Amino acid sequence: MARVGRRAGQIALVGLLTLLTAVFLFPMVLTLIQSFMSESEITDIYAAFTEGRGDGGEGSEFVRLQWIPYRVTLSQLYAVLVGRPQFLFMFWNSVKMTVPIIAGQILVASLASYAFAHLRFRFREPLFFMYIVTMLMPFQVTLVPNYIVADRLGLLDSHWSIILPGIFSAFGVFLLRQFMMFVPASYIEAARVDGASHAYIFARIVLPMCGTGVAALSILVFIDNWNMVEQPLIFLQEASRQPLSVYLSQIGEGERGIAFAASSMYMLPLLLVALYAEKYLIEGIQLSGIKG
């Protein structure tokens, strides 16, 4: 009986997880599917949906909803790429902000993590504790100080007002320190005996052994900054400097098909990261938790 009960519990858990997965994936799948529909078909679908929910109506039109295209077309994707050149311009803005943040945060976080993990200096532990406190704060708390600093430096309305605060993030230091703390001390001691400098030890011994952590950090930083909205709205006044995450809400005004197509292409980099870098992300998070 105990085995039957455990089996039933496992089946129920799998069913619940499957249901939750379907609920979370439904909006994304619907967006991808309807990006291959024509504008007229999408208009008919949502017109039927609206009619089916009218006051006093019996919802007879609701059965007309079609989640699979009658005819697959690339017209909406073509219209976004060719008819909306602003889309590619904003896409490039997102790339120009996200890539430097990833590269800069990896450089700064890896150097700081090595110092916290393997160097002995005064106030090391209190300073790292301050990093943790900063990481626990919602980023909205730091928007006003960052705005004031960017204003004093003359960086407002430029991409640097977003890139520089993004580079100096406490999360990357915390994550990579977890990996570097458990690099065997014997490796470092042997290198020091042979006369190796800290720069050599960091670049040739410690950093290569933390490759999984660096990969996980790159993925998390990419996801976080590709989807940023609040920072550009506050720091960038010029519309032409806005990233795609902000422009996406405007591109499909009055045209649902364009909105679905633009959203699908916006999700494409995230989907590629999820498909090809998933194992690095999972391994990085698991190892950081074990080593912490």
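In this text the structure is predicted, and so the values were computed from the model without any measurement.
Evaluation of the side-chain hydrogen bond (donor to acceptor under 3.5 Å, both in side chains) rule for Asp224 yields no partner, not counting sequence neighbours. Judged as a ring-ring contact (aromatic ring centres under 6.0 Å, His included), and not counting sequence neighbours, the contacts of Phe202 are Tyr114.
Remark: side-chain polar atoms of Gln105 are paired, donor with acceptor, to backbone N or O of Gly166 under 3.5 angstrom. Asn225 places no side-chain N or O within 3.5 Å of a backbone atom of Ile102 that could act as its donor or acceptor partner. No donor-acceptor pair closer than 3.5 Å links the side chain of Glu125 to the backbone N or O of Arg122.
One distance of note links OG1 of Thr31 with CE of Met265; it measures 12.5 Å at 0.5 Å rounding. Interatomic distance, OH of Tyr247 versus CE of Met90, reported as 6.5 Å (0.5 Å rounding). Going from atom NE2 of His159 over to atom CZ of Phe235 covers 13.0 Å, rounded to the nearest 0.5 Å. In this structure, CZ in Phe179 is found 12.0 Å from CG in Leu207, a value given to the nearest 0.5 Å. Atom OG in Ser240 sits 7.5 Å away from atom CG in Asn93 (nearest 0.5 Å). For the atom pair OG1 (Thr98) and CG (Leu244), the distance works out to 10.0 Å, reported to the nearest 0.5 Å.
Between Ala262 and Val80 the shortest heavy-atom distance is N-CG2, 4.0 Å. What you find for Val246 and Val229 is that their closest heavy atoms are CG2-O, 4.1 Å. Between Ala191 and Ile201 the shortest heavy-atom distance is CB-CG1, 3.8 Å. A pairwise comparison of heavy atoms in Arg241 and Leu236 identifies O-CD1, 3.3 Å as the closest pair. Shortest non-hydrogen contact noted between Ala261 and Ser35 is CA-CB, 3.7 Å. Minimum heavy-atom separation, Leu119 to His198: CD2-CE1, 3.2 Å.
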**Request:** Determine, stepwise, if the pair His118 / Ile188 fulfils side chain to side chain contact (heavy atoms under 4.5 Å, CB included).
**Result:** CA-CA 9 Å; His118 295 293; Ile188 299 176; 3.2 Å; yes

**Request:** Test Tyr266 against Trp226 for side chain to side chain contact (heavy atoms under 4.5 Å, CB included), laying out the working first.
**Result:** CA-CA 9 Å; Tyr266 174 78; Trp226 187 259; 3.4 Å; yes

**Chi angles and distances behind the side chain to side chain contact (heavy atoms under 4.5 Å, CB included) call for Met135, Tyr131** = CA-CA 6 Å; Met135 185 184 70; Tyr131 264 77; over 6 Å; no

**Request:** Verify side chain to side chain contact (heavy atoms under 4.5 Å, CB included) between Gln76 and Phe36, making sure each step is shown before the conclusion.
**Result:** CA-CA 7 Å; Gln76 306 295 354; Phe36 293 99; over 6 Å; no

**Request:** Walk me through it: do Asp194 and Tyr200 pass the test side chain to side chain donor-acceptor pair (under 3.5 Å)?
**Result:** CA-CA 11 Å; Asp194 290 339; Tyr200 181 91; over 6 Å; no

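When side chains are defined from C-beta on, Ser110 counts as touching Met180, because their heavy atoms get closer than 4.5 Å. Side-chain contact between Leu156 and Tyr147: present, with at least one pair of heavy atoms (C-beta onward) separated by less than 4.5 Å. With contacts defined as side-chain heavy-atom distances shorter than 4.5 Å, the pair Phe128/Ser113 does not qualify. Cys210 is listed as a side-chain neighbour of Val183, based on a closest heavy-atom distance under 4.5 Å. Between Pro232 and Ile162 there is a side-chain heavy-atom pair separated by less than 4.5 Å. Between Val133 and Met130, every side-chain heavy-atom pair lies at or beyond the 4.5 Å cut-off. Here the side chains of Ser245 and Asn227 are not in contact, with every heavy-atom distance at 4.5 Å or above. The shortest side-chain heavy-atom distance between Phe222 and Leu270 falls under the 4.5 Å cut-off.
Heavy atoms of other residues, nucleotides or ligands lying less than 6.0 angstrom from CZ of Phe24 number 12 at most.
Hydrophobic clustering (side-chain heavy atoms under 4.5 Å, transitive across Ile, Leu, Val, Met, Phe, Trp, Tyr) keeps Met137 apart from Met228. Put simply, Val193 and Val206 are part of two different groups of oily side chains (I, L, V, M, F, W, Y) that touch within less than 4.5 Å, one to the next. One hydrophobic cluster, built from ILVMFWY side chains closer than 4.5 Å, cannot hold both Leu19 and Ile11; they sit in different ones. Trp92 and Leu81 fall within a single hydrophobic cluster, where Ile, Leu, Val, Met, Phe, Trp and Tyr are joined by side-chain heavy atoms under 4.5 Å apart, directly or via other members. If you chain together hydrophobic residues whose side chains sit under 4.5 Å apart, Met97 and Leu233 never meet in one group.
Geometric assessment of Arg124 against the ring of Phe116 yields a negative cation-pi assignment under the 6.0 Å and 45° thresholds.
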